[in-house]
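The structure appears below as structure tokens.
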Amino acid sequence: MNFQESETCAVLMRAYAGECQSHTRYLLAAKEATAQNLPVLRQVFEYTAKQEMIHAQLFAKQLQQQGIAEIQVSAAFPLDPEHDLLKMLQNAQMNEQKEAAEVYASFADTAAHEEQQQTAALFRQIAAIEQSHAERFAQFAVWMQEGRLFCDSRQTVWLCMNCGHIHEGTEPPQNCPVCGAVQGFSVRRGFAPFTV
Ligand SMILES: [Fe+2]
Ligand SMILES: [Fe+2]
């Protein structure tokens with residue numbers, strides 16, 4: 001079969017376009033988090049955005065290797081409401097979950113059906129990553145919704161994402177005693193999205 005006319009080619013184009021738009025959507029959410037003085041959420045979104053760009057690159061590579069030089073796609077993509085960071089986290093969770101459990105799972109089946117095993121494997125691997133994105137967004141959405149981004153009922157180890165200072169307590173300090181960064185840079189250790 002001519003690759004250009006295959007279903008595998010069509011789903012790779014959709015996946016590429018989808019990753020490009022989620023990359024941008026998360027950068028826009030990160031920009032909003034900066035405006036709302038919540039650097040921890042900026043880093044959560046930027047960290048995930050970078051990974052979506054890499055996914056786009058991996059899908060592009062599959063197409064490039066087949067000599068494809070133009071993306072043709074008809075698809076629906078979500079658009080977040082302005083300024084509502086909680087909604088952005090919740091939408092991100094929902095979309096990642098759907099991508100993992102439905103979209104990429106079915107794209108993997110499509111590719112496997114056409115005996116494009118390498119592409120099928122890539123869809124499965126990326127689906128597993130999107131599942132982890134969904135879980136991280138879900139966790140931050142719950143903390144934000146319950147007003148617990150910077151407090152916990154139990155003794156908790158907090159990390160200043162600006163300088164790396166570690167603080168133990170139910171709340172991180174208003175300002176980091178080492179670098180002076182505001183509380184918005186604090187994250188529970190183990191949930192720090194590293195941006196390097
Ligand atoms: Fe992705
Ligand atoms: Fe993702």
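First listed ligand is number 1; within each ligand, the first listed atom is number 1.
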Are Q97 and H133 close enough, and set up right, to give a side chain to side chain donor-acceptor pair (under 3.5 Å), and what steps lead you there?
CA-CA 8 Å; Q97 187 71 50; H133 290 177; over 6 Å; no
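- The Fe ion (ligand 2) sits nearest to atom OE1 when only the N, O or S atoms of E130 are considered.
- Within H133, ND1 is the N, O or S atom that lies nearest to the Fe ion (ligand 2).
- The pair K87-D80 does not meet the salt-bridge criterion, since no charged nitrogen lies less than 4.0 angstrom from a carboxylate oxygen.
- Rounded to 10 degrees, the OE1-metal-ND1 angle spanning E19 and H55 at the Fe ion (ligand 1) equals 100°.
- A salt bridge is absent between E102 and K98; no separation between the charged side-chain nitrogens and carboxylate oxygens falls under 4.0 Å.
- Rounding to the nearest 10°, we obtain 80° for the angle at the Fe ion (ligand 2) between E52 OE2 and E96 OE2.
- Checked against a 6.0 Å centroid threshold, the rings of F150 and W158 do not count as neighbours.
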